[in-house]
Amino acid sequence: MLRPKYPTMPQPTGLVSSTPQTPTVIQPATVTPGTPVPPSTPNVPASTRPVVQLTPGTVIALVGGGTAVVLVVGAVLVSMLLAVAVTGISVAVCAVVLRSLLASGTKRR
(Lines give C-alpha, C1' and ligand atoms only; values in the text may rest on other atoms or scores of the structure.)
Protein backbone atom coordinates (compact mmCIF):
# COMPACT_ATOMS: atom_id res chain seq x y z
CA MET A 1 0.00 0.00 0.00
CA LEU A 2 0.98 3.60 -0.15
CA ARG A 3 2.90 4.84 2.82
CA PRO A 4 2.94 8.55 3.63
CA LYS A 5 6.22 10.40 3.57
CA TYR A 6 6.74 12.46 6.68
CA PRO A 7 8.74 15.64 6.23
CA THR A 8 12.11 15.77 7.91
CA MET A 9 12.89 18.52 10.36
CA PRO A 10 14.83 21.30 8.65
CA GLN A 11 18.37 21.89 9.79
CA PRO A 12 19.03 25.18 11.61
CA THR A 13 20.34 27.91 9.39
CA GLY A 14 22.32 31.02 10.21
CA LEU A 15 25.28 31.43 12.50
CA VAL A 16 25.94 28.50 14.78
CA SER A 17 28.50 29.14 17.48
CA SER A 18 31.06 26.47 18.07
CA THR A 19 31.45 27.35 21.75
CA PRO A 20 28.98 25.74 24.13
CA GLN A 21 26.62 28.08 25.89
CA THR A 22 26.06 28.06 29.65
CA PRO A 23 23.20 25.79 30.63
CA THR A 24 19.96 27.40 31.70
CA VAL A 25 18.60 26.25 35.04
CA ILE A 26 14.84 25.88 35.20
CA GLN A 27 13.27 26.26 38.62
CA PRO A 28 10.13 24.21 39.29
CA ALA A 29 7.07 26.31 40.09
CA THR A 30 4.18 25.42 42.32
CA VAL A 31 0.70 25.53 40.84
CA THR A 32 -2.20 26.44 43.08
CA PRO A 33 -5.61 25.55 41.70
CA GLY A 34 -8.09 28.41 41.57
CA THR A 35 -11.85 28.35 41.80
CA PRO A 36 -13.51 27.83 38.43
CA VAL A 37 -15.51 30.75 37.11
CA PRO A 38 -18.94 29.75 35.77
CA PRO A 39 -19.52 30.84 32.17
CA SER A 40 -21.64 33.94 31.93
CA THR A 41 -24.85 33.72 29.92
CA PRO A 42 -25.54 36.66 27.64
CA ASN A 43 -28.66 38.64 28.34
CA VAL A 44 -30.95 38.17 25.35
CA PRO A 45 -33.84 40.59 25.17
CA ALA A 46 -37.28 39.12 24.74
CA SER A 47 -38.49 38.99 21.15
CA THR A 48 -40.74 41.87 20.16
CA ARG A 49 -42.16 40.05 17.16
CA PRO A 50 -45.81 39.07 17.34
CA VAL A 51 -46.59 35.40 17.72
CA VAL A 52 -48.26 33.84 14.66
CA GLN A 53 -51.27 31.76 15.59
CA LEU A 54 -52.73 29.41 13.01
CA THR A 55 -56.46 29.06 13.14
CA PRO A 56 -58.37 26.53 11.03
CA GLY A 57 -59.36 29.32 8.65
CA THR A 58 -55.78 30.43 8.05
CA VAL A 59 -54.65 26.83 7.56
CA ILE A 60 -57.33 26.35 4.89
CA ALA A 61 -56.32 29.64 3.26
CA LEU A 62 -52.65 28.61 3.21
CA VAL A 63 -53.46 25.20 1.72
CA GLY A 64 -55.72 26.80 -0.89
CA GLY A 65 -53.09 29.39 -1.78
CA GLY A 66 -50.40 26.74 -2.10
CA THR A 67 -52.64 24.63 -4.30
CA ALA A 68 -53.38 27.62 -6.51
CA VAL A 69 -49.67 28.40 -6.89
CA VAL A 70 -48.89 24.79 -7.82
CA LEU A 71 -51.70 24.73 -10.39
CA VAL A 72 -50.67 28.03 -11.98
CA VAL A 73 -47.00 27.03 -12.20
CA GLY A 74 -47.97 23.65 -13.62
CA ALA A 75 -50.21 25.25 -16.24
CA VAL A 76 -47.45 27.63 -17.29
CA LEU A 77 -44.93 24.81 -17.61
CA VAL A 78 -47.33 22.60 -19.57
CA SER A 79 -48.19 25.47 -21.93
CA MET A 80 -44.50 26.14 -22.56
CA LEU A 81 -43.92 22.46 -23.31
CA LEU A 82 -46.92 22.46 -25.64
CA ALA A 83 -45.60 25.56 -27.44
CA VAL A 84 -42.24 23.87 -28.01
CA ALA A 85 -43.96 20.72 -29.30
CA VAL A 86 -46.20 22.66 -31.71
CA THR A 87 -43.22 24.63 -32.98
CA GLY A 88 -41.25 21.43 -33.58
CA ILE A 89 -44.14 19.82 -35.46
CA SER A 90 -44.65 22.90 -37.64
CA VAL A 91 -40.94 23.02 -38.51
CA ALA A 92 -41.06 19.32 -39.42
CA VAL A 93 -44.10 19.85 -41.64
CA CYS A 94 -42.41 22.80 -43.38
CA ALA A 95 -39.31 20.69 -43.97
CA VAL A 96 -41.38 17.90 -45.55
CA VAL A 97 -43.25 20.36 -47.80
CA LEU A 98 -40.03 22.06 -48.91
CA ARG A 99 -38.40 18.71 -49.61
CA SER A 100 -41.33 17.58 -51.76
CA LEU A 101 -41.37 20.89 -53.64
CA LEU A 102 -37.67 20.69 -54.35
CA ALA A 103 -37.90 17.04 -55.40
CA SER A 104 -40.84 17.67 -57.76
CA GLY A 105 -39.06 20.67 -59.32
CA THR A 106 -36.00 18.59 -60.30
CA LYS A 107 -38.13 15.79 -61.86
CA ARG A 108 -39.92 18.11 -64.36
CA ARG A 109 -36.79 19.34 -66.04
Side-chain angles (χ1 to χ4, degrees):
M1 291 304 269
L2 300 175
R3 296 191 187 270
K5 287 188 174 183
Y6 296 107
T8 57
M9 292 297 293
Q11 298 297 323
T13 58
L15 297 175
V16 179
S17 71
S18 60
T19 60
Q21 297 179 355
T22 59
T24 305
V25 178
I26 300 174
Q27 298 290 335
T30 59
V31 177
T32 56
T35 59
V37 178
S40 62
T41 58
N43 291 335
V44 179
S47 176
T48 57
R49 294 183 294 171
V51 177
V52 177
Q53 294 179 352
L54 294 177
T55 61
T58 57
V59 170
I60 291 173
L62 286 174
V63 169
T67 304
V69 167
V70 167
L71 289 176
V72 168
V73 169
V76 168
L77 291 177
V78 167
S79 65
M80 289 172 64
L81 181 65
L82 185 62
V84 169
V86 167
T87 303
I89 290 171
S90 65
V91 167
V93 168
C94 288
V96 169
V97 169
L98 283 174
R99 184 178 176 193
S100 68
L101 287 175
L102 290 173
S104 67
T106 58
K107 285 184 182 179
R108 289 185 181 177
R109 291 183 182 181

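We use all heavy atoms of the structure for the numbers below, so side chains are in, but hydrogens, waters and symmetry mates are not. Computed from a predicted model, the values in this text were never measured in an experiment.
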Linked hydrophobic residues, Leu77 as query - side chain contacts closer than 4.5 Å: Val69, Val73
Pairs where residues 81-102 contributes a residue and the test side-chain hydrogen bond (donor to acceptor under 3.5 Å, both in side chains) is met, not counting sequence neighbours: none
Pairs satisfying side-chain hydrogen bond (donor to acceptor under 3.5 Å, both in side chains), at least one member in residues 55-69, at least two apart: Thr55-Thr58
